[in-house]
Amino acid sequence: MKKKSIAVSLVVVFMLSLYTVESKAEEKTNKVNYSQDVIYQIVTDRFNDGNPSNNPTGNLFSQSNLHKYIGGDWQGIVDKFNDGYLTDLGITALWISQPVENVYAIHPQGYTSYHGYWARDYKKTNPFYGDFNDFDELIEVAHSNNLKVIMDFTPNHSSPALETNQNYVENGAIYDNGVLLGNYTNDGNGIFHHNGGTDFSSYEDSIYRNLYDLADYNYLNQDLDNYLKESIELWLDKGIDGIRVDAVKHMSQGWQETLVNHIYTYKPVFTFGEWFLGQNEVDNQNHHFANESGMSLLDFRYGQQLRQVLKSNQSTWIDFHNMIEDTNASYSEVIDQVTFIDNHDMSRFHSNNSNTVNVDMALAILLTSRGVPTIYYGTEQYLTGESDPENRKKMPSFNKSTRAYNIISKLSNLRQTNTALGYGDTTERWINDDVYIFERKFGNNVVVTAINSGNTSYPITNLQTSLPSGTYSDVLDSLLNGSDIHVNQNGSVTTFELQPNEVAVWEYTSSTGNVEVGHVGPMVGQPGNEITISGQNFGTSEGIVLFGDNQATIKSWNDTDIVVNAPSVEAGYYDIKIITHSNVESNIYSDFELVSNKLLPIRIVVEQAHTNLGTDVYIVGNIHELGEWDPDKAIGPFFNQVMYTYPNWYYDIALPINEKIEYKFIKKDATGSVIWESGANHLYTVPNSGTHTLITTWQN
Ligand code: NOJ
Ligand code: NOJ
Ligand code: CA
Ligand code: CA
């Protein structure tokens with residue numbers, strides 16, 4: 001008897017402990033809202049070698065040649081949790097190298113796959129980073145410390161390959177959990193594009209030709225499309241909290257919309273893409289992608305401009321603020337764009353002949369600006385390095401007392417406690433070429449940042465802020481020489497001096513104020529998809545969430561976060577609004593895009609469409625995804641250089657399964673004047689699964 005009851009209670013204790021573990025993991029919750037997070041970007045091989053026994057041998061490995069594996073791994077990251085380095089840094093998310101198995105062969109130029117961008121099998125781990133047990137441990141340790149884990153993901157290409165040489169690296173071969181799916185020179189199933197390398201001369205050229213010598217994927221191959229989507233499911237099941245998608249400029253937006261749809265339907269996580277922009281580069285395709293694909297982007301406009309102010313002295317704070325205003329207008333969700341001051345594809349912010357105070361000042365601006373700030377590993381140790389691979393050196397030390405480390409720590413904490421940094425608008429309060437004072441505000445929460453990066457001191461007169469009257473001390477504890485300010489009853493700040501290289505941050509946190517939505521994620525979904533609404537003062541009892549006039553089913557509700565299922569109504573753009581239990585209405589969060597259904601990649605081809613130079617071809621049709629017969633919302637411009645050539649045109653788009661559609665092609669010139677195809681509408685029923693190419697002849 002006794003024995004049995006002990007056994008029973010042991011089982012109960014065991015079940016209880018399982019339950020706590022699970023609810024703890026469950027707690028690591030909001031995978032679709034990173035507004036209050038700070039990301040730390042790790043090149044896994046370069047951070048910390050926690051397990052020398054998994055290091056490669058022979059020519060793959062070196063301690064001095066930066067093109068080889070150095071030995072960093074997931075165990076090394078776990079070790080830096082355990083010794084407090086990552087936790088005390090205050091960051092709340094890690095972005096790690098693509099975790100999948102990469103090629104083992106060495107590139108003729110001596111390069112290896114240490115960076116993780118040369119996939120071989122997306123369903124296996126890179127053994128030099130660790131095995132699945134190591135990966136599970138990394139996720140578990142990160143989650144139990146309340147950090148999220150973002151994986152890099154490269155669905156544009158496999159690995160280096162050449163059309164004519166099957167012995168080049170690994171011939172681009174990819175495997176589905178060990179089973180060969182295809183290779184580049186013997187590609188009977190058409191898994192890859194065979195159009196040579198891109199010269200980057202056009203968007204089309206960048207998509208359908210190889211990026212450098214990387215074997216470029218053809219998503220019209222159903223097996224490949226399935227394989228990539230299954231692979232991402234595997235990593236979502238492993239518990240990842242976010243995805244950084246490599247080279248999004250080099251894949252059709254249509255296919256990527258189907259990828260995003262797949263992720264947001266399976267297990268929604270924050271997904272952001274890499275679309276490289278050089279200095280002063282502004283690209284409307286980039287804005288269009290960020291606003292329509294369902295993915296955010298790394299914010300190169302932000303990063304380049306901040307570097308021009310504080311690294312190369314090519315821009316002033318006036319230029320910087322113009323960028324803030326322009327990007328606010330160009331990106332419909334500017335707070336979801338991922339900001340940074342350097343990364344593995346550009347020179348390190350710090351260089352040997354510059355002063356570390358510039359890194360410190362840049363970090364303070366980055367961490368108080370709109371967007372999701374990302375710190376490239378080693379920046380807090382003032383690591384230098386001009387170009388790849390010099391900018392990916394091994395972590396030199398884990399010193400917790402650098403000024404940069406402490407700035408990151410203080411401001412990461414502030415991002416979590418004061419919602420003005422995550423959700424707030426940006427207002428310029430005082431500016432000249434050397435000085436920038438800006439305010440972030442959400443509800444009654446306010447953060448004011450002041451910087452003087454010039455060589456002389458400036459008296460700050462007539463400064464107005466939204467801070468309530470009182471004395472405010474610098475959140476940075478004078479790490480960058482900041483001092484107190486005094487705010488008067490009318491909001492004016494008593495004149496003070498801002499010294500050269502001074503940065504100060506003042507803040508006011510308040511939970512009072514309006515019912516306010518600060519963030520919705522994701523901003524696109526199909527009926528039933530899980531959508532999270534974040535903000536303040538939602539109350540603890542359930543109220544109502546409206547998409548337009550339609551009530552969404554509520555899955556959970558608390559004072560700051562509500563999870564709903566997108567309603568099953570007609571596709572289109574909807575304003576989201578909440579009404580609390582006590583009948584108070586929130587602000588409107590506009591332009592959530594509801595798509596019709598699960599999306600499939602469909603290639604649309606129109607033949608014999610003759611045009612004058614400067615006129616392009618578009619498709620328009622009866623459903624939301626085809627612009628509902630509105631020529632301004634037609635999809636295109638179509639391409640006509642690589643996969644099909646003029647007078648034949650093509651475009652890869654995302655269409656909802658099983659939909660019976662009516663469509664026509666139109667010709668639009670630069671002035672926007674439209675010529676419609678004559679005759680009856682074309683008819684098409686989208687398949688239930690797979691991929692498809694739909695070929696139509698232009699009707700004169
Ligand atoms: C962009 C990545 O960030 C870069 O490091 C990589 O080499 C290319 N994409 C190709 O994957
Ligand atoms: C963010 C803006 O702050 C919000 O007001 C708007 O509704 C959403 N973007 C959607 O456009
Ligand atoms: Ca190792
Ligand atoms: Ca491509």
Side-chain angles (χ1 to χ4, degrees), residues 41 43-57 60-61 63 67-79 95 97-98 100 102-103 107 111-119 125-131 134 152-160 172 191-198 200 202-221 224 228 244-256 259 272-277 297-298 300 303 338 340 342-346 374 376 387-389 391-392 394 639 642-643 652:
Q41 181 196 349
V43 176
T44 304
D45 178 64
R46 300 296 151 93
F47 188 62
N48 187 32
D49 186 356
N51 177 10
S53 78
N54 63 16
N55 294 350
T57 50
L60 280 171
F61 188 67
Q63 290 303 293
H67 288 296
K68 311 287 184 183
Y69 279 87
I70 282 179
D73 48 31
W74 297 326
Q75 183 61 51
I77 301 175
V78 167
D79 292 348
W95 151 15
S97 303
Q98 178 166 242
V100 312
N102 266 235
V103 295
H107 190 279
Y111 307 158
T112 71
S113 60
Y114 75 87
H115 43 65
Y117 290 119
W118 295 350
T125 70
N126 184 327
F128 309 133
Y129 302 161
D131 61 20
D134 298 314
D152 217 316
F153 183 46
T154 301
N156 175 64
H157 54 261
S158 57
S159 61
I191 283 183
F192 298 101
H193 290 139
H194 297 275
N195 304 315
T198 180
F200 303 92
S202 70
Y203 187 34
E204 177 186 9
D205 202 85
S206 305
I207 295 172
Y208 298 98
R209 300 192 200 274
N210 294 351
L211 177 57
Y212 318 119
D213 56 1
L214 300 165
D216 201 64
Y217 290 139
N218 166 28
Y219 312 107
L220 269 288
N221 180 294
L224 177 80
L228 290 170
R244 179 267 193 192
V245 182
D246 188 61
V248 296
K249 186 183 175 174
H250 300 277
M251 298 175 275
S252 70
Q253 184 172 318
W255 182 73
Q256 294 182 85
L259 173 70
F272 60 99
E274 176 241 0
W275 181 307
F276 193 92
L277 296 175
L297 287 178
L298 281 156
F300 279 88
V338 179
F340 56 90
D342 56 6
N343 65 35
H344 61 306
D345 294 326
M346 45 175 35
T374 300
Y376 184 39
S387 48
D388 159 12
N391 56 359
R392 306 169 180 185
K394 194 174 167 184
F639 299 136
V642 183
M643 303 306 297
D652 289 333

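Order of listing sets the numbers, starting from 1, for every ligand and every atom in it. Worth knowing before you read on, the calculation uses all heavy atoms, side chains too, and leaves out hydrogens, waters and symmetry mates.
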Decide whether [X] and [Y] meet the rule of one side-chain donor and one side-chain acceptor closer than 3.5 Å.
| X | Y | result |
| --- | --- | --- |
| Tyr69 | Ser113 | yes |
| Asp213 | His107 | yes |
| Asp205 | Thr198 | yes |

Practice task
List in chain and number order the residues that pass side-chain contact (heavy atoms from CB on, under 4.5 Å) with Asp216, two or more places apart in sequence or in another chain; answer none if no residue qualifies.
Solution key: Asn156, His193, Asn210
Of the side chain and backbone of [X], name the one, both, or neither that has a heavy atom under 4.0 Å from an atom of ligand 1.
| X | value |
| --- | --- |
| Lys249 | neither |
| His115 | neither |
| Met346 | neither |

Fill in the blank from the handout: Taking every heavy atom of Val245 against every heavy atom of Met251, the minimum-distance pair comes out as CG1-CE, 3.9 Å
Handout entry: Heavy-atom check, side chain of His115 versus side chain of His344, under 4.5 Å
Key =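 Counting from C-beta outward, His115 and His344 never come under 4.5 Å.
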Exercise for the section: Return yes or no for this condition: an N or O of Thr154 is under 3.5 Å from an N or O of ligand 1. Expected result: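 There is no such contact.
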Exercise for the section: Say whether Tyr212, considering both its backbone and side-chain N or O atoms, lies within less than 3.5 Å of an N or O atom on ligand 1. Expected result: no
Problem - Contacts of type salt bridge (Lys or Arg N to Asp or Glu O under 4.0 Å), residue Asp49, not counting sequence neighbours - result: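 Partners of Asp49 under the salt bridge (Lys or Arg N to Asp or Glu O under 4.0 Å) test: none.
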When you measure from [atom] to every protein heavy atom, which one gives the shortest distance, and what is it?
| atom | result |
| --- | --- |
| atom 7 (O) of ligand 1 | Tyr117 CD1, 4.1 Å |
| atom 11 (O) of ligand 1 | Asp246 OD2, 2.6 Å |
| atom 5 (O) of ligand 1 | Asp345 OD1, 2.7 Å |

Completion exercise
Excluding water, the protein N, O or S atoms sitting under 3.0 Å from the Ca ion (ligand 3) are Asp49 OD1, Asn51 O, Asn54 OD1, Asn55 OD1, Gly71 O, Asp73 OD2
Problem - Atom indices of ligand 1, in the order listed, that fall short of 4.0 Å to a heavy atom of His344 - result: 2 (C), 3 (O), 5 (O)
Practice task
Answer yes if the ring centres of Tyr208 and Trp255 are under 6.0 angstrom apart, and no otherwise.
Solution key: no
Practice task
Keeping waters out of it, list the protein N, O or S atoms under 3.0 Å from the Ca ion (ligand 4).
Solution key: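 As for protein N, O or S atoms lying under 3.0 Å from the Ca ion (ligand 4), they are Asn156 OD1, Ile207 O, Asp216 OD1, Asp216 OD2, His250 O.
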